[in-house]
> 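The following block contains the structure, expressed as structure tokens.
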Amino acid sequence: MITYHTPCWATTVHYDNGYEDEYMMQEEEWDRDMLLDPAWEQQQRKTFTAWCNSHLRKAGTQIENIEEDFRNGLKLMLLLEVISGERLPKPDRGKMRFHKIANVNKALEFITSKGVKLVSIGAEETSAKEGLLLWCQRKTAPYRNVNVQNFHVSWKDGLAFCALIHRHRPDLLDYSKLNKDDPLGNLNLAFDIAEKHLDIPKMLDAEDIINTPKPDERAIMTYVSCFYHAFAGAEQAETAANRICKVLGVNQENEKLMEEYERLASELLEWIRRTTPWLENRTPEKTMAEMQRKLEDFRDYRRQHKPPKVQEKCQLEINFNTLQTKLRISNRPAFMPSEGKMVSDIASAWQGLEQAEKGYEEWLLTEIRRLERLDHLAEKFRQKATNHESWASGKELILSQKDYETATLTEIRALLRKHEAFESDLAAHQDRVEQIAAIAQELNELDYHDVAAVNQRCQSICDLWDKLGTLTQKRREALERTEKLLETIDQLFLEFAKRSAPFNNWMEGAMEDLQDMFIVHTIEEVQSLIAAHEQFKATLPEADAERQAILGIHNEVQKISQSYGIKANIINPYSTITTEELLNKWEKVKKLVPQRDGALQEEMARQHAHERLRRQFAAQANLIGPWIQARMEEIGRCSLDIGGTLEDQMTQLKQCEHVIVAYKPNIDKLEGDHQLIQESLVFDNKHTNYTMEHIRVGWELLLTTIARTINEIETQILTRDAKGISQQQMNEFRSSFNHFDRKKNGAMDTDDFRACLISMGYDLGEVEFARIMMLVDPNATGIVSFQSFIDFMTRETADTDTAEQVVASFRILAADKPYILVEELRRELPPEQAEYCIMRMPPYAGHGAPPGALDYTAFSTALYGESDL
């Protein structure tokens, strides 16, 4: 008996053995079947005929009448070959009845050999029916007015067929425009689209379904099963497309991270390139104000410009490590930045910046001290030069006079004594001239900006001094030639002149010393100046006695003059110094002494204030320095702790980071105290071993260390989650690493790494160990870091995607072709991923490919670094 409801997804055709008597019995059964409902029988014939033709069409033929076209067994055998994909025995080509029976028997024997039951509907077909119904319900669930509960009345309005088509091919119809009250239009629309676009023959008539109270269940099952097989391949393609989208999405995200790294690295390197020459410039300015401005610019650089760049450098390293981790996790080749933009290149450039910065502040302070010293020396030079020039003014004219030629003996004697007094005065000024020359020499050695004017003035003083020496010698020789003629001289005036000149010179020197500026930096230096001043004051009684003696000589002259009738207005021919001048200078000396006392006391108070600043800075620095060291040790302990999970470590590190950030105001306060110290020109501090530079470097290292440690833990979490590594495995890895990290510096040498692998059960030969070392230490440094160890262990224990999987996915989209077309990519992938593949996929170079064919195999291997594409 032949039933016409056989679906393409579960063959239920049954033949008995092909002997002649049994064949005649089948004909009698067919005659009995004619007694069934003619409409039902017609529907069965039509459905089964359409189903057969959907397969025979592949062989280039079809049937019109089942009984007539299958009677000789030829097309029946051809149908079985198309369905099974196998060759049947060669058919008999005769037209006799036994030839036909033989062919039918061959077909039936083939069906029996495949284990197909040809009678009834068993449990297997019932299970298949339930599976097909469940598939229909799941696919049509989101659609309005569709409720598939069976394979008869649920399909009468045609919406269920349209929903199946729209779910898988929404481009073929607009479901929103369908009307439930138009079942004929819905059914014809679905049947026409299925036949035209899905290669599903039109097995049913819309009128038969509508006009039948309960359409034939098996006919509809047969037709719906064709939809199931047509769309099964599309679902497989959808899965393949999703896999490709996932792979391409990872690749696109990694490329964005690479571009961001390149941009940040370029900006940071450009900033270092522009900043380093500025820090290396050691061209001094000419004035204190200009150097102070340079110091302010440097402070702005340290506070405002550099800290953000420190964060950018740290973040750049973190982004690089994160990117490399993602690439390793996704089996992509490691990211190699552009030439000159490696992390090591940035670190080298940063080291050059730090090296240039290291001596810049010290050079600035040294230059300020030098300029301060220069200003002091220049002022001292001007004072001494002015005093000397004032003293030397007119001396050349006096020494050039020839008044002795017409002078009397007394006058000559007076001139001679006066000249002797001048020579004494000249000798007393020798030291002053030498001091002026020494100061000028020091200004030259210190590169004073106005050294040309100093040299010119010094040269003028020296030239005049030499000329005065020559004139003095010539005048003495002239006076000595006439001394034999002039023997009378006034001894008292001479004694006055000899004693008053040194005393006058002493007072002038004392006034210079009392008005001399001083630069000190410690209380001890001020105390030394005060002690020297006290020693000077101790000499004042002796000086006052000398003053009284000199005045006594003058009074004696006046007494003798009065006694012998000499006029009171007599002038001392041997000296230009008067008693009024001595009195005035003495009064000025006595006035300058207490002024000097006040200046020294003020300086003592200023130094005490400086000492307080030193102690205030030292008190904070001595707390902050150990605090930073303690936090560094705490971070180290936390990073090596294997007692808890990585999340516990991350929590501890985040808490530590919060404490560090909250401690920043203490650093800022210390910066403020340091600025006060620098503005007061305090350059040393014996109360602490910490300088502001030490604190800055420690603070920046602390910030960098906590950020890097958090990133390492995040990387370990990312690696663990992505690779499926359990917490217990991660703890075992960390425990083994810590055990063989004998120096406790976060790394193992080659021998320790070998011992660690052996302890974890690796059977290592020299070749295998060399291969492993190439993975964990590609640069042959002899050191295995913790991150390299974790990456190796996760690769050994976790499953990963491969290029072969991606190639297999593309092969599904390409329908098993070795190439894929542009329209296939655009049909199966989202627009962004499709265009990404089209732009990067090379042309297919094999034979027999249409124009525009693309090589998806080369593209997939390039994603994983297995080709040079």
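Along the sequence shown, the residues carry numbers beginning at 1. For the numbers below, each heavy atom of this structure counts, side chains included, while hydrogens, waters and symmetry mates do not. Note that this is a predicted model, so its numbers are computed, not measured.
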> Please assess Y856 against L825 for the test side-chain contact (heavy atoms from CB on, under 4.5 Å), listing each intermediate value before the final yes or no.
CA-CA 10 Å; Y856 59 78; L825 288 172; over 6 Å; no
> Measure the spacing between OH of Y228 and CE of M221 and express it to the nearest 0.5 Å.
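Result: 13.0 Å between the selected atoms.
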> How far does CG of N321 sit from OG1 of T715, to the nearest 0.5 angstrom?
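Atom-to-atom, N321:CG and T715:OG1 are 6.5 Å apart.
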> Identify, with sequence neighbours excluded, every residue that meets salt bridge (charged side-chain N to carboxylate O under 4.0 Å, His left out) alongside R827.
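So R827 forms no salt bridge (charged side-chain N to carboxylate O under 4.0 Å, His left out) with any residue.
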> Side chain to side chain donor-acceptor pair (under 3.5 Å): which pairs involve residues 179-202, sequence neighbours left out?
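Passing the test, one end in residues 179-202: D157-K180.
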> Between E768 and R771, does a salt bridge (charged side-chain N to carboxylate O under 4.0 Å, His left out) hold up when you go through it step by step?
CA-CA 5 Å; E768 177 63 12; R771 181 190 69 81; 2.6 Å; yes
> Testing the basics here: between V146 and A163, what is the closest heavy-atom pair and its distance to 0.1 Å?
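Looking at all heavy atoms of both residues, the shortest contact is CG2-CB, 4.3 Å.
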> Side-chain contact, heavy-atom cut-off 4.5 Å: R811 with P818?
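When only atoms from C-beta onward are counted, P818 and R811 do not touch, as no gap falls below 4.5 Å.
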> Would you please name every residue forming a side chain to side chain contact (heavy atoms under 4.5 Å, CB included) with A853, sequence neighbours left out?
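A853 satisfies side chain to side chain contact (heavy atoms under 4.5 Å, CB included) with Y819, L821, Y844, A849, P850 only.
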> Starting at CD of E828, measure out to CD1 of I244 and round the result to the nearest 0.5 Å.
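Result: 9.0 Å between the selected atoms.
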> For A160 and S154, work out which heavy atoms get closest and say how close.
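Smallest interatomic distance, heavy atoms only, reads CB-O, 4.0 Å.
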> Measure the spacing between NZ of K139 and CD1 of I165 and express it to the nearest 0.5 Å.
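Rounded to the nearest 0.5 Å, the NZ-CD1 separation comes out at 14.5 Å.
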> Run the numbers on L178 and N145 for side-chain contact (heavy atoms from CB on, under 4.5 Å), then give the verdict.
CA-CA 10 Å; L178 300 179; N145 297 328; over 6 Å; no
> Just do the salt bridge (charged side-chain N to carboxylate O under 4.0 Å, His left out) check on R840 and E255 with the steps written out, would you?
CA-CA 13 Å; R840 289 165 173 76; E255 288 183 356; 3.3 Å; yes
> How long is the straight-line distance from CD of Q324 back to CG of N254, given to the nearest 0.5 Å?
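That separation rounds to 9.5 Å.
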> Who are the side-chain hydrogen bond (donor to acceptor under 3.5 Å, both in side chains) partners of E832, not counting sequence neighbours?
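Checked E832 against side-chain hydrogen bond (donor to acceptor under 3.5 Å, both in side chains); zero matches.
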> Below 4.5 Å, heavy atoms only, C-beta onward: do L829 and L813 meet side chain to side chain?
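Heavy-atom side-chain distance check passes, below 4.5 Å.
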> Show, in sequence, the C-alpha distance, side-chain angles and deciding distance for D171 and R169, and conclude whether the salt bridge (charged side-chain N to carboxylate O under 4.0 Å, His left out) test is met.
CA-CA 5 Å; D171 57 311; R169 291 292 302 276; 3.1 Å; yes
> Could you measure the distance from the NE2 atom of H152 to the CZ atom of R218? Nearest 0.5 Å is fine.
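Answer for the NE2-CZ pair, H152 versus R218, is 12.5 Å.
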> Quick one: sort the F227 and F231 rings into parallel, tilted or perpendicular, breaks at 30° and 60°.
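If you compare the ring of F227 with that of F231, the planes turn out tilted.
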> Determine whether Y175 and L159 make a side-chain contact, defined as any pair of heavy atoms from C-beta on separated by less than 4.5 Å.
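Yes, side chains in contact.
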> Looking at E81 and L88, would you say the former's side chain and the latter's main chain have a donor-acceptor pair under 3.5 Å?
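Such a contact is found between E81 side chain and L88 backbone.
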> Mind checking whether T222 and M203 have side chains closer than 4.5 Å, heavy atoms only?
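Sidechains of M203 and T222: in contact.
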> Give me the atom names and distance for the closest heavy-atom approach of P333 to L327.
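Nearest pair, atom of P333 first, then L327: O-CD1, 3.5 Å.
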> Grab the two heavy atoms, one from I838 and one from L854, that are nearest each other, plus how far apart they are.
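The answer is CA-CD1, 4.4 Å.
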> Keeping R167 on the side-chain end and A141 on the backbone end, is there a donor-acceptor pair under 3.5 Å?
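No, because the side chain of R167 does not come within donor-acceptor range (under 3.5 Å) of the backbone of A141.
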> Locate the shortest heavy-atom distance separating P89 from M77; write the atom from each residue and the value.
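Nearest heavy atoms, P89 then M77: O-CE, 3.1 Å.
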> What I'd like to find out is whether the side chain of L173 reaches to under 4.5 Å of the side chain of C162, using heavy atoms alone.
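With C-beta onward as the side chain, the pair touches.
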> Report the C-alpha distance between R332 and K326 in whole Å, list the side-chain angles of each, state the deciding distance to 0.1 Å, and finish with yes or no for side-chain contact (heavy atoms from CB on, under 4.5 Å).
CA-CA 8 Å; R332 273 32 171 212; K326 289 185 176 181; over 6 Å; no
> Got a sec, which residues hit salt bridge (charged side-chain N to carboxylate O under 4.0 Å, His left out) with E835, two or more places apart in sequence or on another chain?
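Per chain and number, E835 pairs via salt bridge (charged side-chain N to carboxylate O under 4.0 Å, His left out) with R826.
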> Assess the side chains of D208 and T212: does a donor N or O sit below 3.5 Å from an acceptor N or O?
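No.
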> Show your working on side-chain contact (heavy atoms from CB on, under 4.5 Å) between W155 and L164 and close with a plain yes or no.
CA-CA 11 Å; W155 302 84; L164 281 178; 3.9 Å; yes
> Between V153 and P213, what is the shortest heavy-atom contact and its length?
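Smallest interatomic distance, heavy atoms only, reads CG1-O, 3.7 Å.
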> Flag the pair I209 / F191 as yes when at least one side-chain heavy-atom distance between them is below 4.5 Å, and no otherwise.
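With C-beta onward as the side chain, the pair touches.
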> Answer whether the closest heavy-atom distance between the side chains of V148 and W135 falls below 4.5 Å.
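Side-chain contact under 4.5 Å: no.
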> Who are the side-chain hydrogen bond (donor to acceptor under 3.5 Å, both in side chains) partners of Y143, not counting sequence neighbours?
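side-chain hydrogen bond (donor to acceptor under 3.5 Å, both in side chains) check on Y143 returns H166.
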> Does D216 reach the side chain of L204, with side-chain heavy atoms less than 4.5 Å apart?
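Sidechains of L204 and D216: no contact.
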> Would you tell me whether N251 and E253 have side-chain atoms, one donor and one acceptor, within less than 3.5 Å of each other?
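No.
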